[in-house]
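First up is the structure itself, then whatever we jot down about it.
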Amino acid sequence: MHKPSEHFQEISQLTPRLTEIVGGRDCYIITDDNVEEHCLPQLIQGCEPLQEADIITVHPGEVSKCMEILEGVLLTLLENNANRQSLIVNVGGGVISDLGGFGATIYKRGVEYINVPTSLLAMTDAAIGGKTAVNLGSSKNMVGSFHQPLSVLCCFDFLKTLPEEELKSGMAEMLKHGLIADKDLWSRLNSFDLPTIQGLIERSARIKEKIVQSDPLEKGPRKLLNFGHSIGHAIESLYLDKEKVISHGHAIAIGLILESYLSVKHTGLSSASFDGIHKKLASLYEIPKLTTKDIDKAIDFLRNDKKNRDGEFIFTLIKEIGAGIIEISITESQIVESFDLLNG
Ligand SMILES: NC(=O)c1ccc[n+]([C@@H]2O[C@H](COP(=O)([O-])OP(=O)(O)OC[C@H]3O[C@@H](n4cnc5c(N)ncnc54)[C@H](O)[C@@H]3O)[C@@H](O)[C@H]2O)c1
Ligand SMILES: [Zn+2]
């Protein structure tokens, strides 16, 4: 059963709730080096039951979302006698909630876990919804599960140590939530100013929760969350191929622009709305210039998207700001046309 996330301003407000949930259970914290340094000390200090917990720390970043690290985590649980009644506490960004959540699904056929997200992206997206996964080779999220966390506890205080690039990455998902479901949220997100973002995190998380609740196994409405992601993932793959770095959210911001352009052509988004979307996203994120060769390569990546059906490109678009629409069929030439916005 899906439970809404709980939100706290300060760590000292989160820890009593965490203490209550953990109770006297045998606990295992899964985290990464950065989070262990910046977030864990205050969390453990305020939560007595966690002071006895084993801490399993992995390297930060996507490199840890793999089968090898997962096996290491599972072996550590086994060596430390974790059992079916044990509780896994994932403290970190989306890599940790994905890795630890999947570990919790398969360890001894399933143990309970809670997420304490520490990145903006995890608070508003990754830690919510019970989708967990690791990568298989270079294929993202190929092995995973649907396994709901017992609780998701978000605390704004953690964002104070989050690097700016990560903040920008998470905000792209909030902007997406606004575009697909909440016009007012969209219009309030205009800068990376922390106090403004703070007031909108819970609202953004609720949008994801509501969509997930209506479709826990991703059969229909959950596809709304894919807006910006078909082209966004192709941009991420393109950068990976060029051995250049781009954050997930930055690539999604570009995807949001191009897929909004397609929305003008296909689903009746007004040109004025598109201009507003384009202008806002270009003021928040650097929009790269791509060569014709880059664009061809990005289209190649799109052809391999797992959401395609029988040679058709299936996209989630928007009808207007705040109203997403799923399963729109797009032709390749229309996608190429949208990429012209980036042709430098
Ligand atoms: N399961 C889902 O539904 C879902 C949804 C969206 C994204 N994801 C996954 O989430 C991952 C991306 O999540 P992410 O952006 O949080 O990545 P991440 O977990 O790698 O965190 C980003 C970086 O920020 C650091 N960090 C996190 N919190 C910090 C803090 N409070 N202070 C200082 N540093 C901190 C981390 O150590 C890391 O270096 C991807 O693997 C993606 O596939 C999953
Ligand atoms: Zn995303």
Side-chain angles (χ1 to χ4, degrees), residues 2 5 11 14 30-43 57-66 69 90-102 105 113 115-136 139-149 152 154-177 179-180 194 204-205 208-209 211-212 216 218 222 224-233 235-236 245-256 259 316:
H2 176 79
S5 53
I11 298 176
L14 170 129
I30 302 182
T31 192
D32 71 27
D33 294 315
N34 295 335
V35 177
E36 181 172 29
E37 180 187 341
H38 295 294
C39 310
L40 218 51
Q42 307 92 297
L43 196 69
T57 309
V58 302
H59 286 301
E62 197 69 23
V63 283
S64 286
K65 235 181 80 169
C66 65
I69 301 289
N90 297 321
V91 185
V95 164
I96 296 301
S97 49
D98 268 4
L99 173 73
F102 186 47
T105 312
Y113 73 102
N115 285 337
V116 181
T118 60
S119 71
L120 183 61
L121 190 135
M123 289 179 195
T124 56
D125 191 355
I128 299 170
K131 247 184 11 168
T132 76
V134 295
N135 305 329
L136 191 62
S139 300
K140 238 181 106 71
N141 299 331
M142 273 300 143
V143 186
S145 67
F146 288 99
H147 181 37
Q148 291 294 339
V152 179
C154 297
C155 180
F156 171 72
D157 255 0
F158 290 133
L159 296 182
K160 292 179 179 159
T161 58
L162 190 70
E164 164 139 13
E165 200 45 40
E166 301 299 340
L167 195 75
K168 288 173 94 167
S169 184
M171 201 168 104
E173 303 289 356
M174 298 175 74
L175 289 158
K176 176 195 78 180
H177 288 154
L179 287 172
I180 58 173
L194 256 190
S204 178
K208 171 140 189 197
E209 283 163 7
I211 292 172
V212 167
E218 207 167 42
R222 197 163 175 158
L224 278 174
L225 297 165
N226 294 337
F227 184 51
H229 280 64
S230 295
I231 291 180
H233 283 151
I235 306 258
E236 271 186 300
V245 180
I246 190 164
S247 72
H248 174 71
H250 190 164
I252 294 314
I254 300 164
L256 291 174
E259 294 185 15
T316 293

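All ligand and atom numbering here is 1-based and tracks the order in the structure. The structure displayed is predicted, hence computed values, not measured ones.
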Inset, instruction - Measure from atom 9 (C) of ligand 1 to every heavy atom in Asp98, Thr118, Val58, Leu99 and give the option owning the shortest one. - result: Asp98
Legend entry - Point-to-point distance, once rounded to the nearest 0.5 Å, from OG1 of Thr132 to NZ of Lys65: 9.0 Å
Inset, instruction - Output the distance between atom CG (Asp32) and atom CD (Glu37), rounded to the nearest 0.5 Å. - result: 10.5 Å
Inset, instruction - Considering only non-hydrogen protein atoms, determine which one is nearest to atom 24 (O) of ligand 1 and report residue, atom name and distance to 0.1 Å. - result: Glu166 CG, 3.7 Å
Inset, instruction - Run the numbers for me: atoms of ligand 1, each under 4.0 Å from some heavy atom of Asp125, listed by number. - result: 5 (C), 6 (C)
Inset, instruction - Could you tell me whether the side chain of Val35 reaches within less than 4.5 Å of the side chain of Thr161, counting heavy atoms only? - result: no
Legend entry - Candidate pair Leu225 and His177, rule side-chain contact (heavy atoms from CB on, under 4.5 Å), full reasoning: CA-CA 8 Å; Leu225 297 165; His177 288 154; 3.9 Å; yes
Legend entry - Heavy-atom nearest neighbour in the protein, as seen from atom 32 (N) of ligand 1, with distance rounded to 0.1 Å: Thr161 OG1, 2.7 Å
Inset, instruction - Return the residue, atom name and 0.1 Å-rounded distance of the protein heavy atom closest to atom 35 (C) of ligand 1. - result: Leu162 CD1, 3.6 Å
Legend entry - SB check Lys140 Glu236 (cutoff 4.0 Å): no
Legend entry - Shortest protein contact, atom 14 (P) of ligand 1 (heavy atom only): Gly94 N, 3.5 Å
Inset, instruction - State, yes or no, whether a side-chain contact exists between Asn135 and Asn141 at a heavy-atom distance under 4.5 Å. - result: yes
Inset, instruction - Start with the C-alpha gap between Leu43 and Val91, add the side-chain angles, then the distance that decides, and say whether side-chain contact (heavy atoms from CB on, under 4.5 Å) holds. - result: CA-CA 9 Å; Leu43 196 69; Val91 185; 3.9 Å; yes
Inset, instruction - Heavy-atom contacts with Gly93 under 4.0 Å: which atoms of ligand 1 show up? List them by number with element. - result: 16 (O), 19 (O)
Inset, instruction - Determine, step by step, whether Glu173 and Lys208 satisfy the salt bridge (Lys or Arg N to Asp or Glu O under 4.0 Å) criterion, reporting the C-alpha distance in whole Å, the side-chain angles of both residues, the deciding distance to 0.1 Å, and the verdict. - result: CA-CA 10 Å; Glu173 303 289 356; Lys208 171 140 189 197; over 6 Å; no
Legend entry - From the candidates Asp32, Asp157, Leu225, Asn135, the one that places a heavy atom nearest atom 36 (C) of ligand 1: Asp32
Inset, instruction - For ligand 1, indicate whether the residue Pro163 contacts it via side chain, backbone, both or neither (heavy-atom separation under 4.0 Å). - result: side chain
Inset, instruction - Hey, could you give me the CD/OG1 distance between Glu36 and Thr31, rounded to the nearest 0.5 Å? - result: 6.5 Å
Inset, instruction - Using a cut-off of 6.0 Å, state whether more than 12 heavy atoms not belonging to His38 lie near its atom NE2. - result: yes
Inset, instruction - Report the residues that fulfil side-chain contact (heavy atoms from CB on, under 4.5 Å) with Ser97, sequence neighbours left out, ordered by chain and then residue number. - result: Asn115, Ala126, Ala127
Inset, instruction - Would you please say whether a donor-acceptor pair under 3.5 Å links the side chains of Ser145 and Thr105? - result: yes
Legend entry - Identity and separation of the nearest protein heavy atom to atom 12 (C) of ligand 1: Leu121 CD2, 3.8 Å
Legend entry - Shortest protein contact, atom 20 (O) of ligand 1 (heavy atom only): Val95 CG2, 3.4 Å
Legend entry - The single option from Glu218, His147, Gln148 passing side-chain hydrogen bond (donor to acceptor under 3.5 Å, both in side chains) against Lys131: Glu218
Legend entry - Residue-ligand contact Ser64/ligand 1, heavy atom below 4.0 Å: no
Legend entry - Element-labelled atoms of ligand 1 that are located less than 4.0 Å from some non-hydrogen atom of Lys208: 3 (O)
Legend entry - Pairwise distance CD1(Ile252) to OG(Ser230) - rounded to 0.5 angstrom: 9.0 Å
Legend entry - ligand 1 N/O within reach of Lys65 N/O, cut-off under 3.5 Å: yes
Inset, instruction - Select the closest option to atom 2 (C) of ligand 1 among Gly129, Pro60, Ala126, judged by heavy-atom distance. - result: Ala126
Legend entry - For the Zn ion (ligand 2), every protein N/O/S atom that sits closer than 2.8 Å, waters excluded: Glu173 OE2, His229 NE2, His248 NE2
Inset, instruction - Using a strict 4.0 Å cut-off to heavy atoms of Glu62, name the atoms of ligand 1 that fall inside it. - result: 40 (C), 41 (O)
Inset, instruction - Show which atoms of ligand 1 fall inside a sub-4.0 Å distance from at least one heavy-atom site of Gly61. - result: 20 (O)
Inset, instruction - Measure the spacing between OG of Ser169 and CG of Asp125 and express it to the nearest 0.5 Å. - result: 9.5 Å
Legend entry - Identity and separation of the nearest protein heavy atom to atom 31 (N) of ligand 1: Phe158 O, 2.9 Å
Legend entry - Pairwise distance CG(Leu40) to CG(Asp33) - rounded to 0.5 angstrom: 11.5 Å
Legend entry - Min heavy-atom dist His248 to ligand 1 below 4.0 Å: no
Inset, instruction - Show which atoms of ligand 1 fall inside a sub-4.0 Å distance from at least one heavy-atom site of Cys39. - result: 30 (C), 31 (N)
Inset, instruction - Can you sort out which atoms of ligand 1 are near Asn34, meaning under 4.0 Å from one of its heavy atoms? - result: 36 (C), 37 (O), 39 (O)
Legend entry - Option whose closest heavy atom lies nearest to atom 43 (O) of ligand 1, chosen from Arg222, Glu236, Glu165, Lys140: Lys140
Legend entry - Atom indices of ligand 1 within 4.0 angstrom of Ser119 heavy atoms, with elements: 14 (P), 16 (O), 28 (N)
Inset, instruction - Keeping the roles fixed (side chain from His250, backbone from His248), state whether a donor-acceptor pair exists under 3.5 Å. - result: no
